Amino acid sequence: MTIGPAIEDGFYYDFARETPFTPDDLPKIEDKMREIIKAGLPTRREVWPRDKAVEHFKGIGEAFKAELIASIPAGEDVSIYWHGDWHDLCRGPHFRTTAEIGDAFKLTKISGAYWRGDAKNAQLQRIYGTAWRDKKELDAYLTRMEEAEKRDHRKIGKEMDLFHMQEEAVGQVFWHPNGHTLWRTLENYIRRRIGEAGYNEIKTPLLFDRKLWEQSGHWDTFHQNMFVAEVEDESRTLAVKPMNCPGHIQVFKQGTKSYRELPLRLAEFGSCHRYEPSGALHGIMRVRGFVQDDAHIFCTHEQITDETKSFCELLLRAYRDLGFDQVTVKLSTRPEKRIGSDAVWDLAEGALEKATRAAGLDFTFNHGEGAFYGPKIEFTLTDAIGREWQCGTLQVDFNMPDRLGATYIGEDGNKHPPVMLHRAIVGSMERFIGVLIEHYAGKFPLWLAPVQVAVATVVADADTYAAEVVAALKAAGLRVVLDTENQTVNYKVRQHSLAKTPNLLVLGRREAENRTVTLRKLGVEGQESLALEAAISKLAAEAVPPDLR
RNA sequence: GCCGAUGUAGCGUAGUGGUAGCGCAAUCCCUUGGUAAGGGAUAGGUCGUGAGUUCGAUUCUCACCAUCGGCACCA
């Protein structure tokens, strides 16, 4: 026995044992649990001096438990809970008897887990469970899990033909026409937003001489996670960029920069590759090849606050436009291992905090979790079913420009290294699209939908008119598919509904004669008849991206 | 990377120590039908990869690869 805390929606317990649990063990353990609950064993709480508890658990061969207790400060007492002849260390409180636990629990999964969360330690066997006040709550939870499964981006990605992945390109995404349309729509939206906000978009190389990464400090820390390219006739080693900052600094360094040019905001949809551990890969959410909506703002110390503030506004507006209203912010401060003087950290943290407040954001501190070169804020959004995703970030960096020799001429005529703000709104495009898919369960708002309108004919006599309607919709900038398949209306309605196409225009002889369309909206029963021109302008208006309305 | 599970046609699945079924999709034919599956026919897999056991393996064993659930990691 090692440790078993309560967690969100349930609990887990870690065990040190030779043979791992198997899925078959779970029902057996559940039965045993029910037996114990049924027995209604009374709870008894005892308070022991820490050292007594350490000795006791050592004595009965519970080494992990003894180690755990030994890490409690000496001189403190610990509480031990008894149920019948069973006892364990616990902060409590517990029910009066095991009978009060009830039946609303379920063991959900098995996993390996490291002792004290450290991969250097022994691996334990973990059992996860969920527990609720009553059956109804448990069922509601299980239903929620099923719902989450239904909107899994990997499943929907297949169903909507958005992308695929395969063995020959592990951790990288093949974007299909539909998926890439979604990608471009998102990318163009961000491109317009940052354009308004005074960013300059650039494009930098994918391969750099390893020396650059040594200079930036990344090689030391991350070379094991970097892809390296070597060519026979070339003596130098090239590394595929895992991030864009050094490249952006090279652009900054071209020519002499004056303080008058600051803040200089360089943005790139930067393709990065990182050799992520195999076990970390997850659909398109965690990949080895990804694109960041990256930008670096080169500025003076004085400009940090304003730049941070306007970035927060930019980010929140973007999240709102993309359908996310609930955002939490964490401010991570100086870590133990860091560079730069405390005075500079004071300045950076102060500026960041002030700016975050100025942007009207509530935030919590994440002390000691900042990057080694500076503090950062992280933006976590909440999706339609309450899950949280960390996407955006802003980091204040006093280090990299200096290390890579970037300077500007200040008002005083001297050279100074600029402050560099690393920032991303969506973070990784791949991951964010994954989040969008799950947030909307594939039912995207019209402006994002890969296919916005399906035109389906009832009879072949309407084919000519349908082609005309499709052409008119396309001319209005809408993304349209034409379905003249030899099938029933029922079948076509079903197909396009399952494809999650937001609008379906059904055309038969009636429509062709009157130059009208019959519009059915996804998720709405029934349909309305509209004049062709009216329908097109209505749909075109609805399809305008939020920033262009 | 670690622990465990999984890997069968485009997708979803069944099954077996003697060379694989089903549904959807696809193709063709019939049907031209008004808002969530009209009917029929045809074609498509050698069962993740490699090795071993065996007279014989998709089925058993091992290794590898990938995926999935966690752990660890995430510049």
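Chain letters run A, B, ... following the sequence lines, proteins first, then strands; residues in each count from 1. In this text, all values refer to a predicted model and were calculated from it rather than measured experimentally. Side chains are part of it too, since the values below use all heavy atoms of this structure and drop only hydrogens, waters and symmetry mates.
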Hey, are [Y] and [X] close enough side-chain-wise for a donor-acceptor pair under 3.5 Å?
X	Y	answer
W132(A)	T130(A)	yes
D14(A)	Q125(A)	no
E230(A)	T237(A)	yes

Residue pair H153(A) / H439(A), side-chain heavy-atom distance below 4.5 Å: no
Min side-chain heavy-atom separation I377(A)-T393(A) under 4.5 Å: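 I377(A) vs T393(A): side chains apart.
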With [atom1] as the reference atom in both, quote the distance from [N] to [M] in angstrom, rounded to an integer.
N	M	atom1	answer
A14(B)	A43(B)	P	26 Å
G50(B)	U58(B)	P	11 Å
C47(B)	G12(B)	C1'	16 Å
U35(B)	C22(B)	C1'	30 Å
C60(B)	G21(B)	C1'	23 Å
A63(B)	A25(B)	P	42 Å
U49(B)	A9(B)	P	10 Å
G70(B)	C11(B)	C1'	27 Å

Within the structure, does a side-chain N or O atom of [X] lie under 4.0 Å from either OP1 or OP2 of [N]?
X	N	value
K492(A)	G34(B)	no
S278(A)	G1(B)	yes
Y114(A)	G70(B)	no
R154(A)	C68(B)	yes
Y12(A)	G69(B)	no
Q487(A)	G38(B)	yes
T488(A)	G38(B)	yes
R286(A)	G70(B)	no
K109(A)	G70(B)	yes
N490(A)	U35(B)	no
H282(A)	G69(B)	yes

Check: F105(A) ring centre within less than 6.0 Å of F11(A) ring centre: no
Which nucleotide in [options] has an atom nearest any side-chain atom of [X]:
X	options	answer
E167(A)	U35(B), G7(B), A75(B)	G7(B)
R494(A)	A75(B), A66(B), A36(B)	A36(B)
A460(A)	A66(B), U32(B), G34(B)	U32(B)
A119(A)	G38(B), A66(B), A72(B)	A72(B)
A113(A)	C71(B), G34(B), A75(B)	C71(B)
P277(A)	A72(B), U32(B), U35(B)	A72(B)
Y491(A)	A25(B), G34(B), A66(B)	A25(B)

Please work out if [X] contacts a base, only the sugar-phosphate, or nothing of the nucleic acid, heavy-atom cut-off 4.0 Å.
X	value
L124(A)	nothing
S497(A)	base
G117(A)	sugar-phosphate
R126(A)	sugar-phosphate
N225(A)	base
T108(A)	nothing
G283(A)	sugar-phosphate

Could you tell me whether [X] and [Y] make a salt bridge, using a distance below 4.0 angstrom between a side-chain N and a carboxylate O?
X	Y	answer
K211(A)	E214(A)	no
R423(A)	D294(A)	no
E528(A)	K538(A)	yes
R144(A)	E146(A)	no

Length of the line joining [X]:[atom1] and [N]:[atom2], which is rounded to integer Å:
X	N	atom1	atom2	answer
L281(A)	G1(B)	CG	P	10 Å
I7(A)	G70(B)	CD1	C1'	11 Å
H296(A)	A75(B)	NE2	C1'	10 Å
E149(A)	G12(B)	CD	P	13 Å
H176(A)	C11(B)	NE2	C1'	12 Å
N244(A)	A75(B)	CG	P	14 Å
M160(A)	G10(B)	CE	C1'	18 Å
Y128(A)	G4(B)	OH	C1'	13 Å

Under 3.5 Å donor-acceptor pair, E511(A) side-chain atoms to G34(B) base atoms: yes
Ring-face cation contact, Y275(A) with R288(A), 6.0 Å cut, 45° max: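 Yes, R288(A) and Y275(A) form such a contact.
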Upstream residue (5' side of RNA chain B) when R520(A) and P20(A) are each assigned their closest nucleotide: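 Comparing both residues, the 5'-ward one is P20(A).
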RNA chain B: 5'-proximal contact among Q495(A) and G508(A) (nearest heavy atom):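 Result: Q495(A).
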Geometric class of the F174(A)/H164(A) ring pair [parallel <30°, tilted 30-60°, perpendicular >60°]: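 Judged by the thresholds at 30° and 60°, the geometry between H164(A) and F174(A) is parallel.
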Centroid under 5.5 Å and tilt under 30°, F222(A) to A75(B): yes
Watson-Crick or G-U stems involving RNA chain B, each at least 3 pairs long, distances under 3.5 Å, ordered by first number: B:1-7 with B:65-71, B:10-13 with B:21-24, B:26-30 with B:38-42, B:48-52 with B:60-64
